Each structure stands twice: as structure tokens, then as C-alpha cells.
Undergrad: 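I'd like to ask you about the structure that follows.
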Number of protein chains: 2
Amino acid sequence: MTNDTMSASPVDVAPEQACPIAPVVDIVFSRWTTPILWVLNEYGRHRFVELERRITTITPKVLTERLRQLERDGLVVRTYHPEVPPRVEYEISELGRSLAPLFAALADWSINLGEVEQARLDYDARKPVRSRRT
Amino acid sequence: MTNDTMSASPVDVAPEQACPIAPVVDIVFSRWTTPILWVLNEYGRHRFVELERRITTITPKVLTERLRQLERDGLVVRTYHPEVPPRVEYEISELGRSLAPLFAALADWSINLGEVEQARLDYDARKPVRSRRT
DNA sequence: CAGCATCCGATACGATACTG
DNA sequence: CAGTATCGTATCGGATGCTG
């Protein structure tokens with residue numbers, strides 16, 4: 001739920017029953033964080049406009065919001081150089097770097113994407129049968 | 001990274017994001033899928049109401065939507081028993097079970113949640129300085 | 001019980017315009 | 001360059017009511 005600064009996620013509100021990995025998911029896999037962290041982790045330090053160009057579908061507003069969130073969570077380090085024109089660089093933090101095994105596990109699992117696609121085809125072929133009623 | 005089984009894989013549908021793990025994130029870590037998969041993976045087969053009771057903050061409508069999605073993606077198996085009253089059971093599929101290492105990696109990383117929390121406190125303590133203008 | 005249909009409010013996101 | 005501010009919209013999720 002890509003929550004901003006203060007709101008608790010709907011998973012967090014029921015900690016006694018909710019799965020323990022939900023908080024991690026909220027932090028690491030909220031809406032645009034994965035491409036940002038991935039890029040910073042894979043290709044190193046980036047200026048704002050460089051991130052914009054790499055993640056072509058993101059708007060500056062959203063990129064700013066997500067970078068702020070990641071900076072606040074300690075996953076990204078923002079460095080402001082008071083020059084003219086101004087230069088701001090973002091790099092992954094040590095904490096962010098600790099996500100590498102996670103990303104690797106994600107990448108490993110992507111071999112199953114074909115199976116997911118096949119499951120969708122099968123489901124879509126079966127579904128009309130299930131919902132047929134007239 | 002973008003591992004492709006045979007033909008055009010869904011991995012390549014969003015190359016503009018420059019993030020090969022994004023498709024996996026979309027499938028596995030979309031809105032409510034994590035608690036559902038976690039519960040089914042950890043505690044086995046569940047009826048609809050049992051899932052409702054375990055994930056206390058989810059509404060039946062959303063639970064249904066997410067279960068349909070997970071079923072379509074082949075991560076969850078739905079079994080309908082035509083009884084009175086009707087009984088429906090959900091269990092994780094073999095493909096869904098292959099997510100276990102991923103979940104384990106997530107759980108491992110949760111030891112860093114304290115550091116995230118600390119980073120937030122630090123950021124919130126510094127932030128007023130950055131935006132101070134009077 | 002297990003759901004689907006419908007309405008509705010919150011809000012995340014995109015588009016645009018404007019600053020230091 | 002690196003944002004911020006404002007606005008409109010599309011989507012998501014919650015609440016309610018109704019079926020087999």
C-alpha cells in the first residue's frame with residue numbers, strides 16, 4: 001500500500017494474525033520502489049534526471065515521492081550538491097544493498113513466469129464454462 | 001535475469017521499466033496477495049471464511065478478487081464442494097509453493113525493520129531542518 | 001457459506017505549470 | 001537541473017444488499 005509517512009498499512013493493523021513478511025513487502029515492494037531500487041543497486045549512483053530517463057514511465061512527481069520515501073526508510077542516500085545548476089545524486093544505501101539476495105531470489109523465480117502465463121491461458125479457457133448459467 | 005522459456009514471455013512486456021523483476025513483483029506482491037499466499041503456505045488449506053478470519057482486515061469482496069487472481073495465475077488451487085451449505089477450499093499450488101524461498105528471504109530481511117524504523121526517526125528529525133525557510 | 005452486483009469515497013497517479 | 005504546486009482522473013477498496 002505504498003503508504004506515505006504516517007499511515008499504517010492495512011496489513012499492519014492486524015499484526016497478531018497477519019503474516020510477518022507484510023511489513024517488508026510494504027517497504028520494499030510498494031508501487032515504484034522496485035524499479036528504483038533495482039536501478040540504483042545495479043547501475044550505481046544516479047542523478048534525478050538519469051533515473052527519470054531509465055524508468056521512462058515514471059513522472060517526476062511520483063519519482064520524487066518515491067525517492068523521498070526510500071530516503072526516509074534509509075534504503076537510498078540523497079546527496080545534494082549546491083552548484084549551478086543544482087546536482088542531486090541518489091545511491092543505494094548499505095541497508096538497501098542488503099536487499100540484493102532478495103532481488104536475486106526474485107530474479108530466480110522469474111523462470112516460472114512462463115508457467116504463470118500458461119496458467120492464465122488455461123484459466124481463461126475454463127472460466128466461461130464456470131460462469132455459464134443460461 | 002529475464003529468463004524466457006520459449007516464446008515471447010511476459011517478462012518483456014514492460015522493458016521500459018528496466019527492471020526484470022518487476023513482473024514477478026506484480027504477480028507475487030500485489031495488493032493483498034502476500035498475506036493470502038503466506039497463510040496458505042504456512043497453515044495449509046483454508047475455507048473462504050477461515051481466510052477471512054485470519055486476515056481480519058480484508059473484506060470479502062477484495063478477498064474474492066485476490067483469490068481469483070491468484071487462482072488464475074496458478075498460485076492457488078480452488079476446490080468447490082457442491083454441498084449444502086457450499087464449501088470451497090483454497091490451497092497453495094505447487095507453483096505457489098515454489099515461492100517459499102522468496103518468503104524465507106523476505107522473513108530474513110525483516111531483521112532490518114528496526115533499522116528502517118530508526119532511519120525514519122532520524123529522517124523525521126532532520127526533515128524540518130531541510131524545509132525550514134523562515 | 002461463498003460469492004457477486006452495485007454504489008461510493010479515498011487516493012494514487014498522470015499532466016501541466018511554475019520555481020530556486 | 002531538480003524539484004514543487006495544483007488539478008483532474010482512474011483505480012482501488014469499503015459498505016451494503018442480494019443469490020445459489
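Letters go in sequence order (proteins before strands), and every chain restarts at 1. Fair warning: this is a prediction, and the values are worked out from it, not measured in the lab.
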Undergrad: For A:E50 and D:dA2, give me the distance from atom CD to atom P, rounded to whole Å.
TA: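 The distance from CD of A:E50 to P of D:dA2 comes to 8 Å, rounded to the nearest Å.
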Undergrad: Can you see if the side chain of B:R31 gets near the phosphate of C:dT11 - specifically, an N or O under 4.0 Å from OP1 or OP2?
TA: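 So the side chain of B:R31 is outside the cut-off, no N or O lying under 4.0 Å from OP1 or OP2 of C:dT11.
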Undergrad: Both B:L67 and A:I58 contact DNA chain C. Taking the nearest nucleotide for each, which residue is further toward the 5' end?
TA: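 Its nearest nucleotide lies further toward 5', so the answer is B:L67.
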Undergrad: Out of C:dA2, D:dC1, D:dG3, which nucleotide sits closest to the side chain of A:V49?
TA: D:dC1
Undergrad: Rounded to whole angstrom units, what separation is found between the CG atom of A:L63 and the C1' atom of C:dC13?
TA: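 Nearest whole value for this atom pair: 13 Å.
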Undergrad: Can you tell me which nucleotide in D:dG14, C:dC1, C:dG3 comes closest to the side chain of B:T64?
TA: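 Nearest to the side chain of B:T64 among the choices is C:dG3.
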Undergrad: Using side-chain contact (heavy atoms from CB on, under 4.5 Å) as the criterion, list what pairs up with A:V62, not counting sequence neighbours.
TA: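 Partners of A:V62 by the side-chain contact (heavy atoms from CB on, under 4.5 Å) criterion, ordered by chain and then number, come out as A:W32, A:I58, A:T59, A:E65, A:R66.
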Undergrad: Quick one: list whatever passes side-chain contact (heavy atoms from CB on, under 4.5 Å) with A:E52, sequence neighbours left out.
TA: A:F48, A:V49, A:P60, A:L63
Undergrad: Run the side chain to side chain contact (heavy atoms under 4.5 Å, CB included) test on A:N112 and B:S98 for me, step by step, so that the C-alpha distance in whole Å, both residues' side-chain angles and the decisive distance to 0.1 Å come before the verdict.
TA: CA-CA 9 Å; A:N112 295 302; B:S98 71; 3.9 Å; yes
Undergrad: Contact between A:L106 and A:W38 at the side-chain level, heavy atoms closer than 4.5 Å - yes or no?
TA: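 No. Closest side-chain heavy atoms not under 4.5 Å.
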Undergrad: Can you list everything that forms a side-chain hydrogen bond (donor to acceptor under 3.5 Å, both in side chains) with B:S30? Sequence neighbours excluded, please.
TA: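 B:S30 satisfies side-chain hydrogen bond (donor to acceptor under 3.5 Å, both in side chains) with B:Q69 once adjacent residues are dropped.
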Undergrad: Can you list every salt bridge (charged side-chain N to carboxylate O under 4.0 Å, His left out) pair that touches residues 94-108 of chain B, not counting sequence neighbours?
TA: none
Undergrad: In chain order, what residues pass the side-chain hydrogen bond (donor to acceptor under 3.5 Å, both in side chains) check against B:S110, with sequence neighbours excluded?
TA: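 side-chain hydrogen bond (donor to acceptor under 3.5 Å, both in side chains) check on B:S110 returns nothing, list empty.
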Undergrad: Of all the choices, C:dG3, C:dC13, D:dA2, which nucleotide is nearest to the side chain of A:V88 once you look at every atom?
TA: D:dA2
Undergrad: Round to a whole Å and report the spacing from CZ of A:R53 to C1' of D:dG3.
TA: 15 Å
Undergrad: Output the single nucleotide from D:dG3, C:dC4, D:dC12 whose closest atom is nearest the side chain of A:F48.
TA: D:dG3
Undergrad: Using five pairs at either end of the helix from C:dC1-D:dG20 to C:dG20-D:dC1, determine the angle between the two local helix axes and round it to 10 degrees.
TA: 50°
Undergrad: Just N and O in the side chain of B:Y90: are any of them under 4.0 Å from OP1 or OP2 of C:dG3?
TA: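 B:Y90 to C:dG3 OP1/OP2: side-chain N or O found under 4.0 Å.
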Undergrad: How about B:I27 and B:L70: do any of their side-chain heavy atoms sit closer than 4.5 Å?
TA: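 A side-chain contact is absent here, since even the closest heavy-atom pair is not under 4.5 Å.
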Undergrad: List for me each residue that meets side-chain contact (heavy atoms from CB on, under 4.5 Å) alongside B:R87, sequence neighbours excluded, and say none if there are none.
TA: B:R47, B:H81, B:E83, B:E89
Undergrad: In whole Å, what is the span from the CZ atom of B:R66 to the P atom of C:dC4?
TA: 13 Å
Undergrad: May I have the distance from B:Y80 (atom OH) to C:dC4 (atom C1'), rounded to whole angstrom?
TA: 14 Å
Undergrad: Give the rounded distance in Å between these two atoms: CD of B:E65 and C1' of D:dT11.
TA: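 That distance rounds to 11 Å.
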Undergrad: According to a strict under-4.0 Å criterion, is B:R47 in side-chain N/O contact with OP1 or OP2 of C:dA2?
TA: yes
Undergrad: Would you kindly compare B:V62 and A:P85 by the position of their nearest DNA chain D nucleotide and give the one closer to the 5′ end?
TA: A:P85
Undergrad: Output one letter per nucleotide in nucleotides 15-20 of chain C: B when a protein non-hydrogen atom lies under 4.0 Å from the base, S when only the sugar-phosphate is that close, - when neither is.
TA: B----B
Undergrad: Once you round it to whole Å, what is the distance between P of D:dC12 and CD of B:Q69?
TA: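 So the CD-P distance, B:Q69 to D:dC12, works out to 10 Å.
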Undergrad: Between D:dT11 atom C1' and B:D26 atom CG, what is the distance in whole Å?
TA: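 Roughly 15 Å, once rounded to whole Å.
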Undergrad: Would you say C:dA2 has OP1 or OP2 under 4.0 Å from some side-chain N or O of B:R68?
TA: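 False: B:R68 side-chain N/O out of range (4.0 Å or more) of C:dA2 OP1/OP2.
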Undergrad: Taking only residues two or more places apart in sequence or in another chain, which ones pass side-chain hydrogen bond (donor to acceptor under 3.5 Å, both in side chains) with A:Q118?
TA: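 Per chain and number, A:Q118 pairs via side-chain hydrogen bond (donor to acceptor under 3.5 Å, both in side chains) with A:D122.
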Undergrad: Identify which nucleotide among D:dG3, C:dC13, D:dG13 has an atom closest to any side-chain atom of A:W32, counting heavy atoms from C-beta outward.
TA: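 Looking only at heavy atoms from C-beta outward on A:W32, the closest nucleotide is C:dC13.
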